[in-house]
Student: 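Can you read through this structure? Questions will come right after.
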2 protein chains.
Amino acid sequence: MLVNVERAARILGEYDDYLILSHANPDGDTLGCAYALCRILQKAGKRAKCLCADEIPYKMKFLTDQVQNQEFEHKTVVSVDVADRKLLGGLNQVYGDDVFLAIDHHGSRTEFAEFTLVDPDAAAACELIYKIAETMDIPLDSQTAVCLYTGIATDTGCFRFSNTTSATHYIAHKLIDIGIPFEKINYRLFDMKSKGRMRLEHEIFENMEFYCEDRVAVSILTLALINKYKGEVDVEDFNGLAGMPRQIEGVEVGVTIKQKDDNVFKISIRTSDEIDAAKICEKFDGGGHARAAGCTLEGTLEEVKARLLPAVIEAAENGGE
Amino acid sequence: MLVNVERAARILGEYDDYLILSHANPDGDTLGCAYALCRILQKAGKRAKCLCADEIPYKMKFLTDQVQNQEFEHKTVVSVDVADRKLLGGLNQVYGDDVFLAIDHHGSRTEFAEFTLVDPDAAAACELIYKIAETMDIPLDSQTAVCLYTGIATDTGCFRFSNTTSATHYIAHKLIDIGIPFEKINYRLFDMKSKGRMRLEHEIFENMEFYCEDRVAVSILTLALINKYKGEVDVEDFNGLAGMPRQIEGVEVGVTIKQKDDNVFKISIRTSDEIDAAKICEKFDGGGHARAAGCTLEGTLEEVKARLLPAVIEAAENGGE
């Protein structure tokens, strides 16, 4: 059953002994939501604790300092930023059936909870946690504000991406008023790179292929390359590389071909305004948004490129029509 | 004479035929201010035009589409984001004596105008232009909002840096409400890099020197390196490289040594919380802020390094004491 913020806040006020679940392969938004909601519920006199199937990424470790998990037998399960119970990862089998309230901002979802609060216009699920705290009339402290800011900054690329709204900035304005070391958070999230990541980016750039007078750039992450850097680059560092080809001046279609298995390749396509990434990916049973879409292709790398690149080049030449 | 926003707005309402001056080597803030103020004055029924001593950088060219310079003989000169008349560059000699109103946000300034509105707490001078428009009761249109957003994003590194305030986000919230393609602006300002810039960054990283178990990183921009990339890298691309050493995970003191002439080197130092960059630079007659400071040293590169590095290493080892 879909509920609004007011109803979700009322539900949270009525029940107790909360277990808050983040999605697997956690990011700043799902963790920021969990820890912020945990603190908010504890301030409301409830017992609350957080759980995630996977380890907290190194860059997000500072978030764990913001909250104290309590020891108790949980009665009420809440999921945050989880669009599908499968995304709970290892926790799905244990808790997937029991989610009472799901709080999320993904436009495309599979419902799995008794009650669901979903707002696809929210740039981050943390915006919804902010609104819940406001509705519950729980004043935010600095630690809670750190968690919420981290989620919002993560999901908007620090207010860069088009999902950012006027409301996103309004909430940031309120969070900064509380007093948070946002510049340190942003350094960790956006500026800081390991030496390994720097080298990996170099190697990807050096091997990038260009087509259509540099309007198309293709980067290829083979298993060999991934394994070469596995020791010095965090798994999370392999995410976020899909933006690289489009970053180069003049590139209108950026393609990242990431090898998942011997003959399986995951394709990410990022485009400028004129070209529809989803349309390209739909030709290969994939999909997504107009500016960012994906698909999976099977075959050797050469076979995959031979199928994919003509469609990409055609789109670049015809503006995606 | 120092004036507040209300007084500055009243002055702007009383006079007419404005020439608005940006600082030389212009950035998004000085240009955003000039073009936004130009539109605001034109909307208030005044004549206004903008001038800058140097060419508009390629990345900022979109700003020139936002405003129409009018043809007329100017009567009133206003400078925006100019901390010292010398920073007017080639325009200083012609107009430096005539500046009637200076609008700026630099904490350390040399006064040169009849009236000065300065607020060092404003992250960008564009915040002051926003407040002036509000006080003059001139509604902002989308083009003006584009200019103001560009200035604010430029000076805050898209809301990343510590100069960002709650008020900065509040203004961004208002500007986005007007409807601006902020994601495109941010792509141009922060994501887009030329191939040359990518290669230059590689080369700088590959030659970076590390000391104190990687807590100190030193990058060296020799004239030879600068000349090597001059053809393919915009001058503006050589700016903004001072942040690179500190970007590497674990680095607490990032040093950039940029050769200005055969035996002249400009030093930029960026530090983490524990180490005072200004204290290091003061030893060499330089100065700046606690997290970012600079100085100039003369001698051969080896001599400069021999003088500079012991002080940097000592600071890294003693937390800057």
Side-chain angles (χ1 to χ4, degrees), chain A residues 58-59 153 156-179 181-199 201-206 208 210 214 217 234 237 243-244 246-251 270 272-273 291, chain B residues 58-59 153 156-179 181-199 201-206 208 210 214 217 234 237 243-244 246-251 270 272-273 291:
Chain A
Y58 169 73
K59 285 192 176 189
T156 60
C158 207
F159 310 97
R160 286 205 317 279
F161 305 152
S162 58
N163 62 342
T164 308
T165 67
S166 165
T168 313
H169 278 288
Y170 185 79
I171 294 172
H173 140 78
K174 288 293 200 180
L175 296 176
I176 285 179
D177 262 343
I178 294 164
F182 59 86
E183 70 284 8
K184 279 195 203 173
I185 297 172
N186 291 328
Y187 171 72
R188 289 190 75 85
L189 295 181
F190 302 109
D191 289 336
M192 187 178 82
K193 285 182 185 179
S194 66
K195 281 187 185 178
R197 167 72 181 230
M198 297 284 261
R199 280 197 208 98
E201 285 190 10
H202 279 202
E203 193 157 342
I204 290 171
F205 172 70
E206 284 304 326
M208 218 175 265
F210 292 90
D214 292 2
D234 277 349
D237 271 346
M244 268 191 75
R246 248 289 277 158
Q247 207 183 345
I248 295 158
E249 193 176 325
V251 171
R270 304 283 174 93
S272 65
D273 263 12
R291 302 285 83 79
Chain B
Y58 169 73
K59 285 191 176 190
T156 59
C158 206
F159 310 97
R160 284 204 319 277
F161 305 153
S162 57
N163 61 344
T164 309
T165 68
S166 164
T168 314
H169 278 288
Y170 185 80
I171 294 171
H173 141 77
K174 289 292 200 180
L175 296 176
I176 285 180
D177 261 344
I178 294 164
F182 59 87
E183 70 284 8
K184 277 194 204 172
I185 298 171
N186 291 328
Y187 171 72
R188 289 190 75 84
L189 295 181
F190 303 108
D191 289 337
M192 188 177 81
K193 285 183 185 178
S194 67
K195 280 186 185 179
R197 167 73 181 229
M198 298 284 263
R199 278 195 210 99
E201 286 191 8
H202 279 201
E203 193 156 342
I204 290 170
F205 173 69
E206 284 303 326
M208 216 173 268
F210 293 89
D214 291 3
D234 277 349
D237 272 346
M244 268 191 75
R246 247 291 276 159
Q247 207 182 346
I248 294 159
E249 193 177 325
V251 171
R270 305 282 175 92
S272 65
D273 264 10
R291 302 284 83 79

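Reminder, nothing fancy here: chain letters follow the sequence lines and each chain counts from 1.
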Student: Determine whether a donor-acceptor pair (N or O, by modelled atom type, separation under 3.5 Å) exists between the side chain of B:His169 and the backbone of A:Tyr170.
Tutor: no

Student: Search all heavy atoms of A:Tyr187 against all heavy atoms of B:Arg246 and return the closest pair with its distance.
Tutor: OH-O, 2.6 Å

Student: So which part of A:Arg188 gets closer than 4.5 Å to some heavy atom of chain B, the side chain, the backbone, both or neither?
Tutor: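 Contact with chain B is absent: no heavy atom of A:Arg188 under 4.5 Å.
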
Student: Which heavy-atom pair separates B:Phe161 from A:Glu183 by the least distance, and what is that distance?
Tutor: C-CB, 4.1 Å

Student: Would you call A:Glu201 and B:Glu201 a side-chain contact if the rule is heavy atoms closer than 4.5 Å?
Tutor: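 Answer no - side chains too far apart.
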
Student: At a heavy-atom distance under 4.5 Å, which candidate from A:Glu206, A:Met208, A:Met198, A:Arg199 has the highest pair count against chain B?
Tutor: A:Met198

Student: Would you mind checking which part of A:Thr168 comes under 4.5 Å of any heavy atom in chain B, side chain (CB onward), backbone (N, CA, C, O), both or neither?
Tutor: neither

Student: Give me the atom names and distance for the closest heavy-atom approach of A:Phe159 to B:Asn186.
Tutor: O-ND2, 3.5 Å

Student: Is there a side-chain contact between B:Glu249 and A:Lys59 (heavy atoms, below 4.5 Å)?
Tutor: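 In short, these two side chains do not touch, never coming nearer than 4.5 Å.
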
Student: Looking at A:Thr164, A:Asp273, A:Ile176, A:Asp191, which has the largest count of heavy-atom pairs under 4.5 Å with chain B?
Tutor: A:Asp191

Student: Most heavy-atom pairs under 4.5 angstrom with chain A, which of B:Lys184, B:Arg160, B:Met192, B:Lys174?
Tutor: B:Arg160

Student: Using every non-hydrogen atom in the two residues, find where A:His202 and B:Phe205 come nearest and quote the distance to one decimal.
Tutor: CE1-CD2, 3.5 Å

Student: Do you know which of A:Ile185, A:Leu189, A:Asn163, A:Asp214 has the most heavy-atom pairs with chain B at a distance under 4.5 angstrom?
Tutor: A:Asp214

